[in-house]
Amino acid sequence: MATADYELRGKRVFVAGHRGMVGAAILRRLSNEDVDVVTAGRDQLDLRDQSAVFDWFAESRPQAVFLAAAKVGGIAANHALRAEFIYDNIAIATNVMHAAYLNRAEKLMFLGSSCIYPKLAPQPLREEYLLTGPLEATNEAYAVAKIAGIKMAEAYRHQYGCDFISVMPTNLYGPGDNYDPEYSHVVAALIRRFHEAKIADAPKVVVWGTGTPRREFIHVDDMADACVHLMKVYSSSDIINIGSGRDISIADFAALVARIVGYDGAIEYDASRPDGTPRKLLDVGRLDALGWRAETSLENGLRLAYEAYLEER
Ligand code: GFB
């Protein structure tokens, strides 16, 4: 495995997408590093606008880039907004990576997603399973955009010698999540739904799908810590998974959220809503070998996420 010794200290670091859940966590994590962080909000810089991105890079000249900007959402958003998911994410990836190349950024990290793996790939998902089978239909547009980003990073390394790396996080949650009832991911959706049911003294909560799919979750602050670690120690065209190494069924997960929120009514399943991929557990062997492991248990992470939800509401 190609290791590196990249000195982040003293560098001008661009966090693209710093207002999103992941970008904000990377920003918090970078406050412990001696770096000069540069950011640009959407009002200042539309990352889908090629000439605006090129101009911004020529002026700001970041040395290291965390490419955490993306159009994201849960299973229903991926399915309904597929044109936006494919267009925005391909545009953001191509503009930022090409600008980093033109302006000789020293290092760039592209953030992908565990949904890039084939729907029915063997578990746990090893990095080499990429492009070995058909994708899950509900998030195909998003996954194709993320695969384009991975392949772009790989091509720029190969042809131009750019030190671009790609990381594949498992399902993320934590402060700054999107709590939209329809378009959020499952963690934020259930925290909100169980909380509102508790307040309303509702007799039941409806959870989408059959409850049988299994998901692996990682707290976004662990994810940010892994990103900063890999930025320093990893350099390769091979993608690298970031996960906790454990998964849980949606039914057990819903019961856990109910317990943490303090809701004791019934839980019902709506099988007319999609399950998505049956299982998505990442193999974290490469990450482990590079000296990083997730610290936050799902239970502790969910307690933190519930506190964050109560504050952010
Ligand atoms: O988090 P989620 O939307 O993402 O859904 P995916 C995970 C599982 O939770 C699915 C179930 O089996 C859902 O059916 N679920 C149960 C719910 N209740 C709910 C609910 O109220 N809201 C939501 N959202 N789900 C996403 C991809 O897939 O994973 C993205 O669509 C991204 O592209 C992300 O890659 C990591 O794990 O199914």
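None of the values given here were measured: they were computed from a predicted structure.
Atom OG1 of Thr170 is separated from atom CG of Asp222 by 12.0 Å, given to the nearest 0.5 angstrom. Atom CG of Asp221 sits about 10.0 Å away from atom CE of Met21, to the nearest 0.5 Å. Separation of atoms CG (Asp180) and NE2 (His185) is listed at 12.0 Å; rounding is to 0.5 Å.
Gln123 places a side-chain N or O within donor-acceptor distance of the main-chain N or O of Leu281, the cut-off being under 3.5 Å. With hydrogens and angles disregarded, no donor-acceptor distance shorter than 3.5 Å links the side chain of Asp34 to the backbone of Arg9. A donor-acceptor pair is defined here as one N or O able to donate and one able to accept, closer than 3.5 Å; no such pair exists between the side chain of Arg29 and the backbone of Asp225. With hydrogens and angles disregarded, a donor-acceptor distance shorter than 3.5 Å links the side chain of Glu312 to the backbone of Gly176.
Comment: Arg303 engages Glu299 in a salt bridge, judged by a side-chain N to carboxylate O separation of less than 4.0 angstrom. Using a 4.0 Å cut-off between charged side-chain N and carboxylate O, Asp43 and Arg19 make a salt bridge. Arg273 and Glu182 are joined by a salt bridge, as a carboxylate oxygen and a charged side-chain nitrogen come within less than 4.0 angstrom of each other.
For Phe66 and His18, the distance between ring centers is not under 6.0 angstrom.
Using cut-offs of 30° and 60° on the angle between ring planes, the pair Tyr306 and Tyr309 is parallel. Ring pair Phe217/Tyr173 is perpendicular by interplanar angle, where above 60° counts as perpendicular and below 30° as parallel. Between Phe14 and Phe57, the two ring planes are perpendicular [angle over 60°; tilted spans 30° to 60°].
Alongside Leu120, the hydrophobic cluster contains no other residue (criterion: ILVMFWY side chains under 4.5 Å). Counting Ile, Leu, Val, Met, Phe, Trp and Tyr side chains that sit under 4.5 Å apart, directly or through other members, Phe85 shares a hydrophobic cluster with Val72, Leu81, Tyr142, Tyr183.
For the pair Leu45 and Val53, the minimum side-chain heavy-atom distance is below 4.5 Å.
Sequence neighbours left out, not one pair with a member in residues 111-131 passes ring pair (Phe, Tyr, Trp, His ring centres under 6.0 Å).
Each of Ile240, Leu282, Leu287 was scored for a side chain to side chain contact (heavy atoms under 4.5 Å, CB included) with Glu127, with one residue passing: Ile240. Of the candidates Arg48, Lys146, Arg42, Arg82, Asp88 forms a salt bridge (Lys or Arg N to Asp or Glu O under 4.0 Å) with just one, namely Arg48.
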